[in-house]
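Presented below is the structure to which this report refers.
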Amino acid sequence: MDIDSLKNEWEELNKEFTELENCNRRYIELLEQLHSRQQICFNEIKHQRYRMNQITASLRQFKGPVDVEVKEKVDELQKMTLKRKAQLHEIEQSLPAKSGRYLQIILGDVNVSILNRNDKVRYKDDYEKFKLILNVIGLIMAFFNLIFNYRALELAFIFLLVWYYCTLTIRESILKVNGSRIKGWWRAHHFISTVAAGVLLVWPQGEHWQIFRMQFMYFNVYISIVQYLQFGYQKGLLYRLKALGERHNMDITIEGFHSWMWRGLSFLLPFLFIGYWFQAYNAWTLYKLAFTPPDAPWHVSVMSGLFLLLFVGNMATTLWVVPEKIRERSKERYRLLSMGKSMKLRREVKQFVCTNADACWHFLSLAE
Ligand code: COA
């Protein structure tokens, strides 16, 4: 190739680069607009909440005996307040949220917000799959530990537990930033489990450990099976959530979601309660072991306390979840409705943008 043709090629590349620069400029403009739109949304949400609180406070004066007509209007306003809360929560899901202190310490000041409802569902799906895979590995390792009594194998399994629970706390904190309603206890449960696995890792291999070892491995086999059942339950719910934005009639999907949830729960609960009693039994065994045989290392009593804590926390939270679900039925309905609408809107916008790339700019300028 002679030098002139190389020069020509360079000229051509130059033209393409100018296009790239233009595209990048438009992209930066959009980013700037995005930022200012986000600020407007934040302010408007704040305003909506402020006015809603004022209305709710004023509604309190109608608490006593009032006309039927007034009562109907009060009820309707209360229903609309519930619905608006769900709508505001859903709008917030498309806006960035700040990471909590824990994530900031671990990851630094990085934004972990997922701004698309469908991507949030996908991230949750990924979290459930991660738990499933690690549980299968844990089940196999616990099973081998039941057959063979090798210290290295035992330590590898316990180290896996430390890493697994630690990773769960990070993933759950990211889920929380992205609007998950996961109860504080389940997150605390995984922090406590990380500590418990850490204590097991440094528990010296003596007589006390050998007495408790088999019971601990059986417990892990059982927990892995329960967690597999939990995966089936959460996967079923996620599948129905995904269907929310795809169905024409959202009411049918919401009904399906609820009936599947209750069936899933009634199947799962007995297995969970057996697991909790197993935790209480572990606490009791370790408590006795702290006295006989003598000279028990500190790990025995600490593990006994941790198992007791897990038993009490798990039992109380699970017993609380079911009546709460019954109480908050209508709130849940509005939440699912808003979520479904937001997923549908996203899909429609995405389809529109993808089928007509040029129209993308047109669409955005219309949105101005
Ligand atoms: N771990 C992680 N996330 C959990 C969770 C858990 N144990 N329990 C509930 N969540 C999440 C849900 O997925 C949901 O997330 P979303 O807001 O992103 O959709 C949110 O928390 C609210 O869930 P909620 O409606 O309160 O409960 P649920 O119907 O999803 O699940 C149970 C209820 C009881 C089945 C569930 O909490 C559970 O499996 N608990 C047992 C956990 C346990 O005891 N583990 C140890 C085994 S011995």
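Counting starts at 1 for both ligands and their atoms, in listed order.
- Close N/O approach between K325 and ligand 1 is found [any backbone or side-chain N/O within under 3.5 Å].
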Side-chain donor/acceptor pairs under 3.5 Å, residues 210-220, sequence neighbours excluded:
residue, atom, partner, partner atom, Å
Q210, OE1, N149, ND2, 3.0
R213, NE, N149, OD1, 3.2
R213, NE, E154, OE2, 2.3
R213, NH1, N145, O, 3.1
R213, NH2, N145, O, 3.0
R213, NH2, N145, OD1, 3.4
R213, NH2, F148, O, 3.1
R213, NH2, E154, OE2, 3.2
Q215, OE1, T285, OG1, 3.4
Q215, NE2, N282, OD1, 2.7
Q215, NE2, T285, OG1, 3.1
N220, ND2, F216, O, 2.9

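- Under a hydrophobic-cluster definition in which Ile, Leu, Val, Met, Phe, Trp and Tyr are linked whenever side-chain heavy atoms come within less than 4.5 Å, directly or via other members, I170 and V162 are assigned to the same cluster.
- When hydrogens are left out, the protein atom nearest atom 29 (O) of ligand 1 is Y233 OH, 2.6 Å; that is the closest non-hydrogen contact.
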For this session: Report the C-alpha separation of K79 and D75 in whole Å, then their side-chain angles, then the decisive distance to 0.1 Å, and conclude whether the salt bridge (Lys or Arg N to Asp or Glu O under 4.0 Å) test is met.
Result: CA-CA 6 Å; K79 250 192 220 164; D75 285 349; over 6 Å; no
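- Note on ligand 1: Y127 sits in its first shell, one or more heavy atoms being nearer than 4.0 Å.
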For this session: Determine, step by step, whether K129 and D125 satisfy the salt bridge (Lys or Arg N to Asp or Glu O under 4.0 Å) criterion, reporting the C-alpha distance in whole Å, the side-chain angles of both residues, the deciding distance to 0.1 Å, and the verdict.
Result: CA-CA 6 Å; K129 276 188 200 139; D125 198 21; 3.6 Å; yes
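- Side-chain atoms of Q93 and K120 include a donor-acceptor pair closer than 3.5 Å.
- Proximity to I223 (heavy-atom distance under 4.0 Å) selects the following atoms of ligand 1: 48 (S).
- With respect to atom 3 (N) of ligand 1, the closest heavy atom belonging to the protein is I182 CD1, 3.3 Å.
- The shortest N/O to N/O separation between E128 and ligand 1 does not fall below 3.5 Å.
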Exercise. Please walk me through it: do I223 and F278 pass side-chain contact (heavy atoms from CB on, under 4.5 Å)?
Worked result: CA-CA 9 Å; I223 289 301; F278 209 150; over 6 Å; no
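- Residue L241 does not touch ligand 1, judged by heavy-atom distances below 4.0 Å.
- When the options Q279, K131, R187 are ranked by their closest heavy atom to atom 1 (N) of ligand 1, first place goes to K131.
- Residue contacts with ligand 1, taken as heavy atom pairs separated by less than 4.0 Å, involve L265 solely via side-chain atoms from C-beta onward.
- Below 3.5 Å of separation, one finds no N or O of E172 facing any N or O of ligand 1.
- Using a 4.0 Å cutoff on heavy atoms, L272 counts as a contact of ligand 1.
- Residue L88 is not grouped with residue Y50 when hydrophobic side chains (ILVMFWY) are merged at heavy-atom distances under 4.5 angstrom, including chains of intermediate members.
- The side-chain contact (heavy atoms from CB on, under 4.5 Å) search around F291 returns Y287, not counting sequence neighbours.
- Checked against a 3.5 angstrom limit, the closest N/O atoms of H190 and ligand 1 fall outside it.
- Geometrically, ligand 1 and T318 share no nitrogen or oxygen pair separated by less than 3.5 Å.
- Numbered from 1 in the order shown, with element, the atoms of ligand 1 that lie under 4.0 Å from a heavy atom of K124 read 12 (C), 13 (O), 14 (C), 15 (O), 16 (P), 18 (O), 19 (O).
- The distance criterion of under 3.5 Å between nitrogen or oxygen atoms is not met by R335 with respect to ligand 1.
- On a distance-only criterion, K183 and ligand 1 share at least one N/O pair closer than 3.5 Å.
- Looking at ligand 1, you'll find an N or O of Q234 within less than 3.5 Å of one of its N or O atoms.
- The backbone and the side chain of R181 each have at least one atom closer than 4.0 Å to an atom of ligand 1 (non-hydrogen atoms only).
- Looking at T317 against ligand 1, nothing comes within 4.0 Å, counting heavy atoms.
- Scanning the protein heavy atoms around atom 38 (C) of ligand 1, the nearest turns out to be Q230 NE2, 3.8 Å.
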For this session: Decide yes or no on ring-ring contact (aromatic ring centres under 6.0 Å, His included) for F191 and Y102, but give the supporting numbers first.
Result: CA-CA 11 Å; F191 279 105; Y102 180 62; 4.9 Å; yes
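- In the vicinity of S180, heavy-atom distances shorter than 4.0 Å reach the ligand 1 atoms 15 (O), 16 (P), 17 (O), 18 (O).
- Closest to atom 37 (O) of ligand 1, if we only count protein heavy atoms, is W186 NE1, 3.3 Å.
- A parallel orientation is assigned to the rings of Y165 and H190, their planes being inclined by less than 30° (bins at 30° and 60°).
- Ring orientation note: the planes of W277 and F311 are tilted relative to one another, at an angle of 30° to 60°.
- Clustering ILVMFWY residues whenever any of their side-chain heavy atoms sit less than 4.5 angstrom apart, transitively, puts L95 in a cluster other than the one holding I114.
- For ligand 1, the atoms lying closer than 4.0 Å to a non-hydrogen atom of L268 are 35 (C).
- Residues W284 and L308 are members of separate hydrophobic clusters, defined by side-chain heavy-atom contacts under 4.5 angstrom among Ile, Leu, Val, Met, Phe, Trp and Tyr.
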For this session: Evaluate the criterion side chain to side chain donor-acceptor pair (under 3.5 Å) for residue pair S94 and R117; output intermediate values, then yes/no.
Result: CA-CA 7 Å; S94 61; R117 175 54 84 184; over 6 Å; no
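- Backbone and side-chain nitrogen or oxygen atoms of H189 are examined, and none is located within less than 3.5 angstrom of a nitrogen or oxygen of ligand 1.
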For this session: I would like to know whether K7 and D4 meet salt bridge (Lys or Arg N to Asp or Glu O under 4.0 Å); could you show each step before the answer?
Result: CA-CA 5 Å; K7 192 118 194 350; D4 286 334; over 6 Å; no
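- Between Y276 and ligand 1 there is a heavy-atom distance shorter than 4.0 Å.
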